[in-house]
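Residue indices begin at 1 and follow the sequence shown. Atoms considered below: every heavy atom in the structure, side chains included; atoms not considered: hydrogens, waters and symmetry mates.
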Amino acid sequence: MKILVTGGGTGGHIYPALAYVEHVKKIDPTAEFMYVGAKRGLENKILPKTDIPFKTLEIQGFKRSLSPANFKTIQLFLKSIKEAKTILRDFAPDVVIGTGGYASGAVVYAAAKLKIPTIIHEQNSVPGITNKFLSRYADRIAVAFPDAAAFFPQEKTVVVGNPRASEVADVAPSGILTEYDLSSDLATVLIFGGSQGAYKLNQAMAEAIPLFAGKHYQVLYASGDRYFEEIQENPKIDWQQLTNVSVRPYIDKMAEVMVNCQLLIGRAGATSIAEFTALGLPAILIPSPHVTNDQQTKNAVSLVKAGAVKMLTDDELTGSLLVETIDEIMSNEALRQQMAAASRKEGIPDAAERLQKLVKEIVK
């Protein structure tokens with residue numbers, strides 16, 4: 001089978017696509033792949049590190065205000081459709097899967113016009129503009145959140161989850177926490193604000209870290225490179241007394257670390273949600289207020305309703321409130337287990353397999 005995957009701009013679109021590719025490679029080593037992204041997207045840093053053939057289109061998004069730049073956007077979109085048709089004819093895929101981002105708009109649309117079977121995958125609880133546009137052309141629509149199904153034609157839409165979940169679901173507990181100068185036997189809270197860190201979370205952590213002294217749990221905090229030195233040199237933090245707190249700029253083995261933790265604190269991006277729900281972890285989510293359409297808040301609210309997480313907003317976040325909320329969960333085993341069960345219920349660890357099943361249904 002030949003599969004063309006398209007999507008990009010952010011890791012939330014790219015990593016689910018790559019997780020799906022890896023799953024198919026394991027079950028069908030003869031499968032062939034191509035990835036098409038945008039020339040200026042994050043995919044240009046990620047895809048060259050893989051063995052997947054990679055092509056790019058010059059494309060950009062619409063401005064939300066009236067702007068002359070939107071005329072160029074239309075021109076680039078039409079040009080990209082033409083280039084996408086050339087790529088599609090040359091590669092001749094059996095199916096095209098779009099995971100969001102502007103490049104996927106041109107490629108999936110072109111594939112539909114060429115009568116190639118198409119699937120779009122929506123990672124968030126509220127869809128982005130590209131997938132809303134493509135929903136009328138795609139053969140099937142795969143969603144990660146049940147809430148997202150309401151935005152798409154019912155007869156086309158299937159809840160499959162996020163393929164990234166499949167990569168973490170089978171990770172076994174280990175002694176990896178010792179690599180971060182923490183105990184393998186102590187309940188652990190994992191805190192991170194994304195690969196670059198998060199300003200408001202870092203401010204709260206500067207206040208919170210001294211308050212963790214003497215707690216019955218330990219804390220691993222990934223600050224992001226830009227905030228690491230600031231935290232390390234904070235004069236209010238006595239690192240000699242904080243044997244139960246470890247700070248790192250970045251955690252490169254996130255799945256392996258996550259499976260050894262009992263509570264997660266972070267943003268409400270689709271990828272991290274897929275990961276911790278696949279593992280059945282309770283969480284405290286602090287949605288980023290700077291994401292298009294406030295998607296992270298909507299993702300978090302969906303899980304709050306399910307009882308899997310507690311949510312704090314950026315505006316209300318302080319160190320004392322963060323520690324108070326952590327203590328509420330970590331000191332109440334029944335609550336933590338209840339949240340873990342709800343998280344596990346929301347997780348779909350076989351998401352990649354479900355997506356592949358959808359592929360087989362439309363590829364004759």
Side-chain angles (χ1 to χ4, degrees), residues 15 164-198 201-202 204-225 227-232 234 237-267 269 271-286 308-310 319 322-323 325-333 335-337 339-341 343-344 347 349:
Y15 293 120
R164 174 60 183 157
S166 301
E167 289 192 323
V168 304
D170 295 328
V171 177
S174 67
I176 194 172
L177 293 176
T178 59
E179 296 180 18
Y180 298 91
D181 300 321
L182 294 173
S183 169
S184 295
D185 302 319
L186 202 59
T188 304
V189 178
L190 173 62
I191 305 175
F192 67 100
S195 58
Q196 298 299 315
L201 178 58
N202 197 71
M205 283 300 293
E207 177 191 345
I209 286 174
L211 303 178
F212 289 127
K215 298 291 185 183
H216 64 282
Y217 54 82
Q218 59 189 1
V219 175
L220 175 56
Y221 174 45
S223 64
D225 284 326
Y227 302 118
F228 180 68
E229 188 174 337
E230 178 184 330
I231 283 284
Q232 288 293 106
N234 189 324
I237 300 175
D238 183 356
W239 292 108
Q240 297 289 334
Q241 300 298 317
L242 284 166
T243 57
N244 65 330
V245 178
S246 177
V247 179
R248 294 290 191 276
Y250 183 73
I251 297 173
D252 58 0
K253 298 177 181 177
M254 184 59 77
E256 290 89 337
V257 168
M258 200 178 288
V259 76
N260 288 282
C261 296
Q262 283 67 49
L263 177 65
L264 180 141
I265 293 96
R267 293 304 200 185
T271 300
S272 61
I273 286 174
E275 292 171 343
F276 76 73
T277 56
L279 296 172
L281 274 178
I284 300 169
L285 297 181
I286 308 157
V309 310
K310 292 187 178 294
L322 181 60
V323 174
T325 310
I326 293 171
D327 281 347
E328 178 189 358
I329 298 170
M330 295 303 291
S331 61
N332 187 333
E333 181 67 19
L335 173 62
R336 193 163 82 242
Q337 292 302 325
M339 292 176 68
S343 176
R344 194 173 296 109

For this session: Not counting sequence neighbours, list each pair that qualifies as a side chain to side chain donor-acceptor pair (under 3.5 Å) and has a residue in residues 175-184.
Result: D181-R248
For this session: List in chain and number order the residues that pass side-chain hydrogen bond (donor to acceptor under 3.5 Å, both in side chains) with Y15, two or more places apart in sequence or in another chain; answer none if no residue qualifies.
Result: none
Seminar exercise, completed: Residue set satisfying side-chain hydrogen bond (donor to acceptor under 3.5 Å, both in side chains) with E229, at least two apart, ordered chain then number -> none
Problem set entry | Verdict with supporting geometry, K215 and V323, side-chain contact (heavy atoms from CB on, under 4.5 Å) | CA-CA 10 Å; K215 298 291 185 183; V323 174; 4.0 Å; yes
Problem set entry | Gap separating the CD atom of Q337 from the CG atom of N332, nearest 0.5 angstrom | 10.0 Å
Exercise. Quick one: does L190's side chain get under 4.5 Å of F276's, heavy atoms only?
Worked result: no
Exercise. Would you say T325 and L322 make side-chain contact, with heavy atoms under 4.5 Å?
Worked result: no
For this session: Look up atom OG in S223 and atom CD in E230, then write down how far apart they are to the nearest 0.5 Å.
Result: 9.0 Å
For this session: State which residues pass side-chain hydrogen bond (donor to acceptor under 3.5 Å, both in side chains) with N202; sequence neighbours excluded, sorted by chain then number.
Result: Y221
Problem set entry | From L279 atom CG to D170 atom CG, the distance as rounded to the nearest 0.5 Å | 10.0 Å
Problem set entry | Beyond-backbone contact of L186 with Y217, side-chain heavy atoms, under 4.5 angstrom | no
Exercise. Does K310 have any side-chain hydrogen bond (donor to acceptor under 3.5 Å, both in side chains) partners at least two apart in sequence or in another chain, and if so, which?
Worked result: none
Exercise. Any side-chain heavy-atom pair from I191 and L201 closer than 4.5 angstrom?
Worked result: yes
Exercise. Closest approach of M339 and A308, non-hydrogen atoms and distance?
Worked result: CE-O, 3.5 Å
Problem set entry | Heavy-atom pair of closest approach, residues A165 and A274 | CB-O, 3.4 Å
Problem set entry | Contact check, side chains of I251 and L220, non-hydrogen atoms, under 4.5 Å | yes
Quick one: side chains of residues 253-266, donor-acceptor pairs under 3.5 Å with protein atoms, not counting sequence neighbours, listed by atom name and distance.
| residue | atom | partner | partner atom | Å |
| --- | --- | --- | --- | --- |
| N260 | OD1 | S174 | N | 2.9 |
| N260 | ND2 | E256 | O | 2.7 |
| Q262 | OE1 | T188 | N | 2.6 |

Seminar exercise, completed: Between E207 and G319, the two heavy atoms sitting closest are OE1-N, 3.0 Å
Problem set entry | Minimum heavy-atom distance between V168 and A278, given as atom pair plus value | CG2-CB, 3.9 Å
Exercise. Side chain of R267, backbone of I286: donor and acceptor closer than 3.5 Å?
Worked result: yes
Exercise. Hey, is the main chain of N244 close enough, under 3.5 Å, to the side chain of Q218 for a donor-acceptor pair?
Worked result: no
Exercise. Is the closest side-chain heavy-atom distance between Y227 and M205 below 4.5 Å?
Worked result: no
Exercise. Does a side-chain heavy-atom distance below 4.5 Å link F212 with I326?
Worked result: yes
